[in-house]
Structure formats: structure tokens, C-alpha cells
Colleague: 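Here it is, the structure, as C-alpha cells.
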Amino acid sequence: MIFQTQAQHTERQITEEFEKLHQVLRDEEAARIAALRKELKQKSQMMKEKIDKMSREISSLSDTIRAIEEKMGADDITFLENYKSTVERAQCTLQDPERVSGALINVAKHLGNLKFRVWEKMQEIVQYTPVTLDPNTAYPDLILSEDLSSVRRGEKQQLPDNPERFDKYADILGSEGFNSGTHCWDVEVGENTLWQLGVITESLQRKGDYTSMSGQWYVWYNDGKYKARSTPQPSTLLTVKQKLQRIRVQLDWDRGKLSFSDPDDNTPLHTLTHTFTERVFPYFNVGRISPFIILPVKASVTVEQFR
């Protein structure tokens, strides 16, 4: 059955993703152990050099003591003749061993906030995309990336005709709907010559031709022209100076605003207004030339200090 195949494929992907994370942790563990061993080697070498220096000084002092003892064992006349040089040589003193600062392993550097530091470093490989595409809504010729962050056109697939799936146009929705708050996502539309993106209501029908029905707010591009539409109203022609590669969608559900802009220079494109009364989902109609990519946003780890 299809859901069994889905479950098996999803389980395999989960295993693969966790293996990537495990490998990152193994690499980080190896790097930190290597750093500890490097410090151990450096400090062992430093202590060896200091011990060697002390050994040389002790050996030199022993030689001096033996030489003085030999002169003291000579007859009285010889001893008196060499008295001055013997006394000068006896002035040799061995300083107390130097107390070495930082000789111990810097345990705090290696163990302090270890889990947090590793978590911080994970930011280099972990990406967050504000919208995850929902494969259960995808028109059958849409091919999604493994991480559900991009979609492209391909050969039509044999997929179940579940109620959530679009069956007439190359559409797909985000997996999470919004019924409050503010939300933002950037979409790379690439070189496509025909596309649409915006939001639609949860209750909008997915089967057949729904294009004239209310509950859709989007911008679209066709034949070099950009238009905005709030169905069932007709489209509004937009003035755009150059072809856009990326579109930013900003939804303020509570204030009833859906804004579109160019994220590269923050140039406003258009704002649609509507008093939303139900959950809406990110909506995409995908062109044939380039994949649609939901662009990741920068994630950060912060520490809240007590005041």
C-alpha cells in the first residue's frame, strides 16, 4: 500500500539524516580529543625541557662539588694555594625550581559548556526553512527534494488521488497553515516564465478548476508581466523594472496583509489586503524551467544573561 511505501521511504530518510548528524558529532568529538592530545603533547614537551635543564644544572653542580672535594683532599699547601679559586667556585648556587604557570591541562577549555559549544557549531551545517512543502498536496508531475525545500516539474507519477492533492494545475502547498501571527518566506523562482505564489484558504477545493473561486491571494508571472490577484477579483498589473529571481512573501494574518517584495534589495512589489477568517497555507504554482526553492534563513543560538 502507498502509505507503507511512504513510511518506509520516510524511515530511510530519517535514518540517513541522523547518520549525517551522528557523523558531525563523531568528527567534532575527534577534533576535540585531538586538541586535548595536542595540548598534552605540548605541555609534556615543555616539562621535559624544564626537567632536562634542571638535570643539566644538577649535573654541573655535582661536578663542582666533586672538584671542590678533590681540592679539599689535597695537602695543606696545595689547598691554600688554590683556596681563592676554590672559594670562588664554591659560590655556585642552584636556584629553586621555577614554578611553571599553566603547566596543567586546561580542563575548563575542553569541557566548559561542551554541549552548548557543539550545538553552536551545528549551525554551520543545520539549515532552517520557514516553509516545508507538503508532498501529499503536490500535483503528480511535481518532484520534491529529499528535505522538502524545493520542487520541480518532471514526469507524471502514479500517486493516490487523496482529497488534499491538486489534480489540474502544477500546484503544491506548504505543510503548515497559519491562522494568526506574522510569517515570512523567500522563494527562488529562477528562470521560470510562468508561476504563481501566495496563500490560499484551507477550505479551497483542490480538485478541478478552482481559479475563479474566492480564497486565493497571490502574485503571478506570465509572458514577462507580473500581476497580483485576490480572487474572485480580476488581476492587477504590477510595475517591475527587472525580472525577479527571488520573491519574499510576508503574511500578517491578524492585520490582513499579504506583501510581496524583492528580497535582494527589499523593493516592495505589491500588498494585498483581506480580513482573514480561516487558516491559510503557502501556495505555489511551479514553472517548467527551474525548480522552486524555499530559501533557508539564518538560525542562531543565543544566551540570555540575567540582569
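Heavy atoms only: backbone and side chains are in, while hydrogens, waters and symmetry mates are out.
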Colleague: Within the 3.5 Å criterion, strictly below it, is a donor on Gln196 or Gln216 matched to an acceptor on the partner's side chain?
Modeller: no

Colleague: Using modelled atom types and a 3.5 Å cut-off, is there a donor and acceptor pairing between side-chain atoms of Ser175 and backbone atoms of Thr132?
Modeller: yes

Colleague: Can you tell me how far CD1 of Ile105 sits from OG of Ser44, rounded to the nearest 0.5 angstrom?
Modeller: 7.0 Å

Colleague: Can you give me the closest heavy-atom contact between Leu244 and Tyr226, atom names plus distance?
Modeller: N-OH, 2.8 Å

Colleague: Would you find more than 12 non-hydrogen atoms of other residues, nucleotides or ligands less than 6.0 Å from Asp265 atom CG?
Modeller: yes

Colleague: When you look at CD of Gln45, are more than 12 heavy atoms from neighbouring residues, nucleotides or ligands closer to it than 6.0 Å?
Modeller: yes

Colleague: May I ask you to decide if Leu258's main-chain N or O and Thr271's side chain share a donor-acceptor pair within less than 3.5 Å?
Modeller: no

Colleague: I'd like to check Glu164 versus Arg206 (side-chain heavy atoms, cut-off strictly below 4.5 Å). Are they in contact?
Modeller: yes

Colleague: Mind checking whether Tyr283 and Leu269 sit in one hydrophobic cluster, side chains of I, L, V, M, F, W, Y counted as touching below 4.5 Å?
Modeller: no

Colleague: Is Asp161 salt-bridged to Arg165, cutoff N-O under 4.0 Å?
Modeller: no

Colleague: Do the side chains of Arg32 and Leu114 get nearer than 4.5 Å, heavy atoms only?
Modeller: yes

Colleague: Say whether, by atom type as modelled, one donor and one acceptor occur between the side chain of Glu188 and the main chain of Gly190 under 3.5 angstrom.
Modeller: no

Colleague: Going only through I, L, V, M, F, W and Y residues with side-chain contacts under 4.5 Å, is there a path from Val24 to Ile14?
Modeller: yes

Colleague: Please check if the number of heavy atoms outside Gln42 that lie under 6.0 Å from its CD is greater than 12.
Modeller: yes

Colleague: Taking everything shown except Glu120 itself, do over 12 heavy atoms lie less than 6.0 Å from its CD?
Modeller: yes

Colleague: Ignoring hydrogens and angles, tell me if any N or O in the side chain of Ser214 forms a donor-acceptor pair with the backbone of Pro232 under 3.5 Å.
Modeller: no

Colleague: Applying side chain to side chain contact (heavy atoms under 4.5 Å, CB included) to Val189 and Phe292, what does each step give before you reach the verdict?
Modeller: CA-CA 5 Å; Val189 295; Phe292 264 24; 3.8 Å; yes

Colleague: Would you call the rings of Trp119 and Phe116 parallel, tilted or perpendicular, where under 30° means parallel and over 60° means perpendicular?
Modeller: perpendicular

Colleague: Would you say the side-chain atoms of Ser59 pair up with the backbone N or O of Ser55, donor to acceptor, closer than 3.5 Å?
Modeller: no

Colleague: Using distance alone, with no hydrogens and no angle criterion, decide if Gln13 and Asp147 have a side-chain donor and acceptor under 3.5 Å apart.
Modeller: no

Colleague: Indicate yes or no: at least one non-hydrogen side-chain atom of Arg246 is less than 4.5 angstrom from one of Leu295.
Modeller: yes

Colleague: So, do Pro296 and Tyr128 sit near enough that their side-chain heavy atoms are less than 4.5 Å apart?
Modeller: no

Colleague: Decide if the gap between the ring center of His183 and the ring center of Phe178 is smaller than 6.0 angstrom.
Modeller: yes

Colleague: Please confirm whether the backbone N or O of Leu142 pairs with a side-chain atom of Gln157, one donor and one acceptor, at under 3.5 Å?
Modeller: yes

Colleague: Is the side chain of Arg229 donor-acceptor paired with the backbone N or O of Gln233 at a distance under 3.5 Å, no angle test?
Modeller: yes

Colleague: So, are Glu17 and Lys20 salt-bridged, with charged N and O less than 4.0 Å apart?
Modeller: yes

Colleague: Any sub-3.5 Å donor-acceptor pair from His9's side-chain atoms to Thr5's backbone N or O?
Modeller: no

Colleague: For residues Ser149 and Thr129, report the shortest heavy-atom separation together with the two atoms involved.
Modeller: CB-CG2, 4.1 Å

Colleague: Give me the one residue out of Arg152, Arg288, Lys156 that meets salt bridge (Lys or Arg N to Asp or Glu O under 4.0 Å) with Asp141.
Modeller: Arg288

Colleague: Are Tyr169 and Asn285 close enough, and set up right, to give a side chain to side chain contact (heavy atoms under 4.5 Å, CB included), and what steps lead you there?
Modeller: CA-CA 7 Å; Tyr169 303 109; Asn285 177 270; 3.9 Å; yes

Colleague: What do you reckon, is NZ of Lys257 surrounded by more than 12 foreign heavy atoms closer than 6.0 Å?
Modeller: no

Colleague: Below 4.0 angstrom, N of the basic side chain to O of the carboxylate: do Arg12 and Glu146 qualify?
Modeller: no

Colleague: Mind checking whether Lys109 and Glu39 have side chains closer than 4.5 Å, heavy atoms only?
Modeller: yes

Colleague: State, with a plain yes or no, whether a side-chain heavy atom of Phe281 is found less than 4.5 Å away from one of Glu202.
Modeller: yes

Colleague: Same cluster or not: Trp217 versus Trp220, using hydrophobic residues (I, L, V, M, F, W, Y) connected whenever any side-chain heavy atoms lie under 4.5 Å apart?
Modeller: no

Colleague: Tell me the closest heavy-atom pair linking Pro130 and Trp185, and the distance in Å.
Modeller: CG-CB, 3.8 Å

Colleague: Any side-chain heavy atom of Leu237 within less than 4.5 Å of one from Lys225?
Modeller: yes

Colleague: In this structure, would Leu133 and Val297 fall into the same cluster of hydrophobic residues linked by side-chain contacts under 4.5 Å?
Modeller: no

Colleague: Where do Ile289 and Glu191 come nearest, in terms of heavy atoms and distance?
Modeller: CD1-O, 3.6 Å

Colleague: So which atom in Ala138 and which in Ile172 form the shortest heavy-atom distance, rounded to 0.1 Å?
Modeller: CB-CD1, 3.7 Å

Colleague: Below 6.0 angstrom between ring centroids: does that apply to Phe166 and Tyr139?
Modeller: no

Colleague: For a 4.5 angstrom cut-off between non-hydrogen side-chain atoms, does Val151 reach Ile294?
Modeller: no

Colleague: Please step through side chain to side chain contact (heavy atoms under 4.5 Å, CB included) for the pair Ile293 and Val187, ending with a clear verdict.
Modeller: CA-CA 6 Å; Ile293 302 173; Val187 185; over 6 Å; no

Colleague: Is Arg248 paired with Asp186 through a side-chain N to carboxylate O contact shorter than 4.0 Å?
Modeller: yes

Colleague: Flag the pair Lys121 and Glu28 as a salt bridge only when some basic side-chain nitrogen lies within less than 4.0 angstrom of an acidic carboxylate oxygen.
Modeller: yes

Colleague: Please step through side chain to side chain contact (heavy atoms under 4.5 Å, CB included) for the pair Ile200 and Leu173, ending with a clear verdict.
Modeller: CA-CA 9 Å; Ile200 68 170; Leu173 299 182; 3.6 Å; yes

Colleague: What are the two closest heavy atoms between Pro282 and Val131, and how far apart are they?
Modeller: CG-CG2, 4.0 Å

Colleague: Hey, what's the ring geometry for Phe276 with Trp253, parallel, tilted or perpendicular (30° and 60° as the breaks)?
Modeller: parallel

Colleague: Is it the case that over 12 heavy atoms from other parts of the model lie below 6.0 angstrom from the CZ atom of Arg26?
Modeller: yes

Colleague: For Glu278 and Ser203, test the side chains for any donor-to-acceptor distance below 3.5 angstrom and give the result as yes or no.
Modeller: yes

Colleague: Do any N or O atoms from the side chain of Arg153 and from the backbone of Val286 form a donor-acceptor pair under 3.5 angstrom?
Modeller: yes

Colleague: Would you check if the distance from the ring center of Tyr218 to the ring center of Trp195 is below 6.0 Å?
Modeller: no

Colleague: Does any N or O in the side chain of Thr267 come within less than 3.5 Å of the main-chain N or O of Asp262, such that one atom is a donor and the other an acceptor?
Modeller: no

